[in-house]
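Quick note: residue numbers are just sequence positions, from 1.
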Amino acid sequence: MNKRVRLRFAPSPTGPLHIGGVRTALYSYLYAKQKGGDFLLRIEDTDQTRFVPGAEEYIIESLNWCGIKIDEGVSVGGKHAPYRQSERKELGMYKKYAEQLIASGHAYYAFDSAEELDAVRKEAEINKQSFSYNAQNRGHLRNSLSLPANEVETLLTTNNYVIRLKVEANEEIHLKDLIRGDVKFNSNIVDDKVLLKSDGMPTYHLAHIVDDYLMEITHAVRGEEWLPSAPAHVLIYQYLGWTDLMPQYAHLPLLLKPDGNGKLSKRDGDRLGFPVFPLEWKDPSSGEISSGYRERGYEPNAFVNMLALLGWNPGTEQEILSMNDLIEKFSFEHVHKAGAKFNPEKTLWFNTQYVHHMANEVLAEKLKTQVARALNLNENDALLQDNYLTTAASLIKPRVHFAHELFQTAPYLFEAPTMYDAAVVEKRWKQELQPFFEQLINDFKSIQEFTLANAEAQFKQSAANANLKPGDVLQLFRVILSGHGSGVDLFGMIALLGQEEVSTRINNALAHFKK
């Protein structure tokens with residue numbers, strides 16, 4: 001009988017959630033949903049010195065904005081509560097497993113002070129050697145393997161000790177990774193990891209394994225920076241007798257700077273002008289504000305689509321993928337081993353595509369709010385009626401990257417211009433064109449059904465009647481109606497404005513040109 005697939009996202013509440021962390025959560029979520037399983041959120045707050053107020057709430061809000069739905073965890077509860085490691089520590093969930101490892105001979109007590117270890121490291125540096133607390137030198141340090149039993153018993157009463165993993169020398173350790181295949185390590189490169197700190201708080205190395213075991217996690221997704229620690233984790237599962245219950249690990253490639261030289265950081269975003277966090281973050285200690293994709297106006301589904309393709313592809317050329325598409329197509333086999341360069345221009349492209357494909361009715365609602373606020377209109381104003389806004393949105397959206405740009409891109413659809421593009425007027429306007437535009441007003445008024453096609457046909461006919469080429473007066477006509485030399489589809493705008501408004505704007509412009 002196959003176990004139910006369960007994946008977790010287990011960030012530390014040490015600040016805002018980096019987009020690399022969002023990608024880890026996303027891949028975990030996609031795989032869980034594809035397999036009909038569960039996605040859990042667990043908070044790994046074992047390092048209380050780095051805890052930042054508000055970080056946990058930020059993480060939850062970020063996942064919600066991205067559409068990553070939490071089935072079980074800190075924000076929704078579940079049968080494996082509590083989901084904060086600090087709370088689980090208070091219930092004694094970690095210490096007993098550390099002591100079990102000691103009892104089986106796979107861990108030991110270490111009494112070295114921070115000052116003593118610093119001194120050993122400095123001595124190693126002087127001798128141009130690297131220091132590692134391991135099988136090679138643990139016999140020369142202060143621990144339960146090197147000290148007399150009576151001294152160990154005395155030192156244990158002080159509670160000033162840590163519990164370390166006992167890694168045997170010169171063993172081959174295997175990890176079958178979902179992305180990297182069979183990875184082999186020699187135990188000589190693995191140090192004796194601290195499992196339980198002197199304050200009784202577990203380290204990541206022990207806590208995440210105990211939690212994954214108790215929460216029945218089947219797959220664990222994390223960044224490649226954890227790969228060097230993986231052999232120690234394999235050993236802990238082995239020493240606890242849980243080898244058959246160890247999750248399948250997937251170590252993701254790094255997100256790289258746009259130039260590919262190193263891991264993407266907040267500093268890169270600040271320097272190049274793009275966010276590295278999903279939401280805006282205000283540092284509670286410094287007050288510094290870091291921008292987020294939500295506040296910049298990015299659509300959450302566009303952000304998720306972009307992020308999914310940073311290090312993974314569906315095996316086709318398809319780039320626009322909904323959340324349902326991603327769930328259907330995702331596989332660890334198509335996750336790259338090499339780091340993925342972040343591309344701010346491509347991120348903007350994704351958002352543009354999503355805005356351009358949004359229903360006009362949806363954009364019309366956003367436009368309505370923008371117009372009402374900018375022009376201080378009440379909801380009964382003709383400019384705020386659904387039909388007008390929906391058509392206006394269809395004209396504007398090919399010219400914007402963000403939905404919040406709708407009104408500012410074409411305010412002339414809602415208010416007549418008072419200024420006219422001077423360069424176009426100087427180049428195109430001649431007094432002898434006035435009769436043509438005056439006649440055009442009458443010609444437009446004669447149109448029975450004032451549609452885009454009929455308005456365009458009449459304009460061309462009126463130009464021909466005046467012995468003009470349409471191109472000679474087309475841009476000038478746009479300036480007369482909008483004040484700008486470029487903009488939305490001209491005849492779409494004319495049909496939207498209607499005969500009366502078009503006539504008024506022509507008369508206003510002609511009067512302005514006479515001054």
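Judged by distance alone, the side chain of T158 and the main-chain N or O of T154 form no donor-acceptor pair under 3.5 Å. Side chain of K397 to backbone of L363: no donor-acceptor contact under 3.5 angstrom is found.
Neither side chain, H251 nor E224, offers a donor N or O lying under 3.5 Å from an acceptor on the other. Donor-acceptor pairing under 3.5 Å is recorded for the side chains of N305 and Y354. Using modelled atom types and a 3.5 Å distance limit, the side chains of H80 and E216 yield a donor-acceptor pair. S86 and D45 form a side-chain donor-acceptor contact under 3.5 Å, judged by distance and modelled atom types alone. In the model, D211 has a side-chain atom that pairs as donor or acceptor with a side-chain atom of Y94 under 3.5 Å.
Here the closest non-hydrogen pair linking V152 and S144 is CG2-CA, 3.7 Å. Heavy atoms only, all atoms of each residue included: R296 and G273 are closest at NH1-O, 3.4 Å. Pairing each heavy atom of R164 with each of D192, the nearest pair is NH1-O, 2.7 Å.
Checking F332, F39, F330 one by one against Y27, the ring-ring contact (aromatic ring centres under 6.0 Å, His included) holds for a single residue, F330.
Taking the six-membered ring for Trp and the full ring otherwise, F303 and Y298 have centroids separated by 6.0 Å or more.
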